[in-house]
> 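I'd like to ask you about the structure that follows.
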Amino acid sequence: HTSHVKKFLLASKSSSRYRLLKNAGLAFQTAIPNCDEGRIKAQLLKSKISIKNLAKHLAREKAMSVSNKTNNLVVGSDTIIIFQNTLINKAKNLSQAKSKLKKLSGKKHKIISAVSVCHKEKQIWSAQQESTITLRKLSSDQIDHYLKKTGKEILSSVGCYQAEKL
């Protein structure tokens, strides 16, 4: 029972993160992060940080961009995929999503997820988890069927798949 737990803000527009927390029975509200993720990512990569630390920095930036407007705890999160030592970016359309799924099909890649909790513009907790995933071999028809089923919502997922929807 979570009625005694203070609500927190999820600094995200991700429908899958929203669903995950809702299904866990947590009381929260969402707030759209006020940061340019693409610009921040480009600056971080230019500064020569390890790509493995990119998700941690982005999660913090998202949470911090909301924490300056509230007294609530703010949770920011980010997930990146590294395939063959290269950062995989989100697809801009379903055609790119199909190409990414074909590239990942039957192969290993790393998923790095990070979360940051901020309060009044201070990070008070963070964590990062790295997993190695092998996506099963998918035929072109299977990819087409999957993308038809998920639609454009899948474009919000960096690898163009959501494990809970496979």
> Spell out, as yes or no, whether a donor-acceptor pair under 3.5 Å connects the side chain of T70 to the backbone of S67.
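Not confirmed, T70 side chain does not pair with S67 backbone.
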
> Within this structure, what is the NZ-CG distance for the pair K107 and L104, rounded to the nearest 0.5 Å?
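Going from NZ on K107 over to CG on L104, the span is 8.0 Å.
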
> How long is the straight-line distance from OG of S16 back to CD of E153, given to the nearest 0.5 Å?
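Between atom CD of E153 and atom OG of S16 there are 7.5 Å.
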
> Drop me the distance from I133's CD1 to K110's NZ, to the nearest 0.5 angstrom.
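Answer for the CD1-NZ pair, I133 versus K110, is 10.5 Å.
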
> Just how far is it from atom OG1 of T30 to atom CG of L10, taken to the nearest 0.5 Å?
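Between atom OG1 of T30 and atom CG of L10 there are 6.5 Å.
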
> Is a donor on one side and an acceptor on the other found under 3.5 Å between the side chain of S113 and the backbone of T79?
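Not confirmed, S113 side chain does not pair with T79 backbone.
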
> Side-chain donor-acceptor pairs under 3.5 Å in residues 33-41, sequence neighbours left out?
residue, atom, partner, partner atom, Å
D36, OD1, G38, N, 3.2
D36, OD1, R39, N, 3.1
R39, NH1, Q43, OE1, 3.2
K41, NZ, N89, OD1, 3.4

> Are R19 and S15 side-chain neighbours, meaning at least one heavy-atom pair lies under 4.5 Å?
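Yes; the side chains approach each other to less than 4.5 Å.
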
> Taking the side chain as C-beta and beyond, is there a heavy-atom pair between S77 and R17 under 4.5 Å?
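S77 vs R17: side chains touch.
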
> With a 4.5 Å heavy-atom cut-off, do V74 and V117 have their side chains touching?
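No, too far: nothing below the 4.5 Å cut-off.
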
> By ring-ring contact (aromatic ring centres under 6.0 Å, His included), which residues pair with H109, not counting sequence neighbours?
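Result, ring-ring contact (aromatic ring centres under 6.0 Å, His included) vs H109: Y161.
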
> About how many Å separate CG of L44 and CG of N53, when rounded to the nearest 0.5 Å?
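Here the interatomic distance stands at 9.5 Å.
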
> With clusters defined by side-chain heavy atoms of hydrophobic residues (ILVMFWY) lying less than 4.5 Å apart, directly or transitively, does L45 cluster with I112?
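Cluster IDs for I112 and L45 match.
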
> List in chain and number order the residues that pass side chain to side chain contact (heavy atoms under 4.5 Å, CB included) with A127, two or more places apart in sequence or in another chain; answer none if no residue qualifies.
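By the side chain to side chain contact (heavy atoms under 4.5 Å, CB included) rule, A127 matches V115, W125.
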
> Could you tell me if the side chain of F8 sits less than 4.5 Å from the side chain of L21, heavy atoms only?
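Yes, close enough: below the 4.5 Å cut-off.
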
> Please enumerate all residues that pass ring-ring contact (aromatic ring centres under 6.0 Å, His included) together with F83, with sequence neighbours excluded.
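With sequence neighbours excluded, F83 shows a ring-ring contact (aromatic ring centres under 6.0 Å, His included) to no residue whatsoever.
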
> Less than 4.5 Å apart, side chain to side chain, heavy atoms only: is that true for S126 and Q128?
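Counting from C-beta outward, S126 and Q128 never come under 4.5 Å.
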
> When clusters are formed by joining ILVMFWY residues with side-chain heavy atoms under 4.5 Å apart, either directly or through shared neighbours, do I82 and I88 land in the same one?
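Different hydrophobic clusters.
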
> F28, M64: one ILVMFWY side-chain cluster at the under-4.5 Å cut-off?
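No: no chain of side-chain contacts under 4.5 Å links F28 to M64.
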
> Listed by chain and number, what are the side chain to side chain contact (heavy atoms under 4.5 Å, CB included) partners of N85, not counting sequence neighbours?
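In terms of side chain to side chain contact (heavy atoms under 4.5 Å, CB included), with neighbours along the sequence ignored, N85 is linked to no residue.
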
> So which heavy atom on G76 is nearest to which on A63, and how close?
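The answer is N-CB, 3.6 Å.
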
> Treat each ILVMFWY residue as a node, draw an edge where side-chain heavy atoms are under 4.5 Å apart, and state whether L101 and L155 are in one component.
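Yes, it is one cluster - the side chains of L101 and L155 are joined through contacts under 4.5 Å.
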
> Is there a path of hydrophobic side-chain contacts, each under 4.5 Å between heavy atoms, that joins I51 and L58?
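I51 and L58: one cluster.
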
> Is the count of non-hydrogen atoms from other residues, nucleotides or ligands lying under 6.0 Å from K108 atom NZ greater than 12?
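Not more than 12 within 6.0 Å, no.
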
> Please list, chain by chain and in numerical order, all residues satisfying side chain to side chain donor-acceptor pair (under 3.5 Å) with S12, sequence neighbours excluded.
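With sequence neighbours excluded, S12 shows a side chain to side chain donor-acceptor pair (under 3.5 Å) to no residue whatsoever.
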
> Can you find a heavy atom in the side chain of I80 that is under 4.5 Å from one in the side chain of V158?
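Of all side-chain heavy-atom pairs linking V158 with I80, none is under 4.5 Å.
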
> Report yes if some heavy atom in the side chain of K90 is under 4.5 Å from a heavy atom in the side chain of S157; otherwise report no.
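No, side chains not in contact.
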
> Which heavy atom of V66 sits nearest a heavy atom of A11, and at what distance?
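In terms of heavy atoms, the two residues are closest at CG2-CB, 3.7 Å.
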
> Might you confirm whether atom CD1 of I124 has over 12 heavy atoms from other residues, nucleotides or ligands at distances under 6.0 Å?
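Enclosed: over 12 neighbouring heavy atoms sit under 6.0 Å from CD1 of I124.
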
> So which heavy atom on A91 is nearest to which on A97, and how close?
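That would be CB-N, 3.5 Å.
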
> Counting only heavy atoms not in K98, do more than 12 fall under 6.0 Å of its NZ?
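Enclosed: over 12 neighbouring heavy atoms sit under 6.0 Å from NZ of K98.
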
> Near K69 NZ, under 6.0 Å, is it more than 12 heavy atoms from other residues, nucleotides or ligands?
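Counting neighbours around NZ of K69, more than 12 heavy atoms of other residues, nucleotides or ligands fall under 6.0 Å, so yes.
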
> Does the side chain of E130 come within less than 4.5 Å of I111's, by heavy atoms?
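The answer is no; the side chains never approach within 4.5 Å.
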
> Using 0.5 Å steps for rounding, measure from the NE2 atom of H57 to the CG atom of D78.
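If we round to the nearest 0.5 Å, H57:NE2 and D78:CG are 11.5 Å apart.
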
